[in-house]
Protein chains: 2
Amino acid sequence: MEAGSLLQLLVDDQVRRDGNLSYPQFVLLARLADAPDGRMRMTDLADSAVHSRSGLSYQARLLEDAGLIQRTPSPHDDRSVTAAITDAGRDILARVMPGHLDAVRQGFFSVLDDSQVEALAVTLSAVRDRLRTLVPSATQRRRKAAGG
Amino acid sequence: MEAGSLLQLLVDDQVRRDGNLSYPQFVLLARLADAPDGRMRMTDLADSAVHSRSGLSYQARLLEDAGLIQRTPSPHDDRSVTAAITDAGRDILARVMPGHLDAVRQGFFSVLDDSQVEALAVTLSAVRDRLRTLVPSATQRRRKAAGG
DNA sequence: TATTGTTATACTCTATAACTATA
DNA sequence: TATAGTTATAGAGTATAACAATA
């Protein structure tokens, strides 16, 4: 937990300096950039980022006001909204990534060899998957609140 | 990072239910309980917990108001304050720990074998130590702010 | 002068509940 | 009825800067 907190502080500082982004904003932007076509449904984004829906709406508004993402109605379901990273969003990310990679290399990878990195990927993925079954997603929390 | 966030959510829920503690309060209390004599200087506590001093003062006030810690002037340096866990604090911790151990076992250790746990301890400790050299402590941040 | 700790203040983030709208 | 998303509101946590006190 200490390692995680410290790494988040390091990355937060860096993305704030280089791209005027907060850590959660950077995570959302990076996740969108990695998604097919740079788009994701709001609910899926909320679940994947461990956010409540209202928390995601808040961050999405900030990112949209900054011109880094755009929200549009989803094609096949008029209830849904699709968030898409904009060209400006990709530009910011391109500006931030070199420093980000440097920071992560220096703070994380530099003290590990390849086999250790591989082992971490395996074990922490297993932990993450396990925790996803134990920690209710944003959607599940909502269902629980409505039902109880 | 995902694993860390999820584990924090899991633990936060559990310590809140079982002991009416927030995650940062639980961390501070546990750290004090582990310290020799149950006492630590405020600055050392802030540095060890990745807090600013003001942030620690805030949490310390909450814990003290709840009767779980007590702050007293330090014996050898009248500028310093020593925080000590109280009997009530130890009681709360004793009430919370069984559920905590269960949660961590279920969410974390259950998916790992002994050698994986050992490898995690080695690698994440190295990462933590490395990050401690890169992320300024509360004291260092303050010096920087004063100097610049 | 430098260090320790607190406090006033402001801001970010997150969540709950209420609301609107569509399936 | 159930799901998707937003917003009003409130609260927790943190940090910066100013302050008081001691080394």
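Just so it is clear: chains get the letters A, B, ... in the order the sequence lines come, proteins before strands, and each one is counted from 1.
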Take atom CG in A/Asn20; do more than 12 heavy atoms of anything else shown fall under 6.0 Å from it? no
Inspect the contact between A/Asp102 and A/Arg105 and indicate whether a charged nitrogen and a carboxylate oxygen are less than 4.0 angstrom apart. yes
By nearest atom, which of the nucleotides D/dA15, D/dA4, C/dT3 is closest to the A/Arg41 side chain? D/dA4
Looking for any heavy atom pair under 4.0 Å, which part of the strands does A/Ser57 touch: base, sugar-phosphate only, or nothing? base
Provide, to the nearest angstrom, the distance between the CZ atom belonging to A/Arg53 and the C1' atom belonging to C/dA21. 13 Å
Residue pair B/His76/A/Leu9 against DNA chain D: nearer the 5' end by closest nucleotide is A/Leu9
Between C/dT4, C/dT22, C/dT7, which nucleotide gets closest to the side-chain atoms of B/Thr139? C/dT4
Does CG belonging to B/Asp65 count more than 12 external heavy atoms closer than 6.0 Å? yes
Distances for protein N or O near nucleotides 8-13 of chain D N or O, under 3.5 Å:
residue, atom, partner, partner atom, Å
D/dG13, OP1, B/Ser22, OG, 2.8

What integer distance in Å separates A/Gln140:CD from C/dT16:P? 14 Å
For B/Arg16, is there an ion pair with B/Asp12 - N to carboxylate O distance below 4.0 angstrom? yes
Identify which nucleotide among C/dT6, D/dA4, D/dT7 has an atom closest to any side-chain atom of A/Arg61, counting heavy atoms from C-beta outward. D/dT7
Of the listed nucleotides (C/dT22, D/dA23, C/dT4), which one gets closest to any side-chain atom of A/Arg79? C/dT22
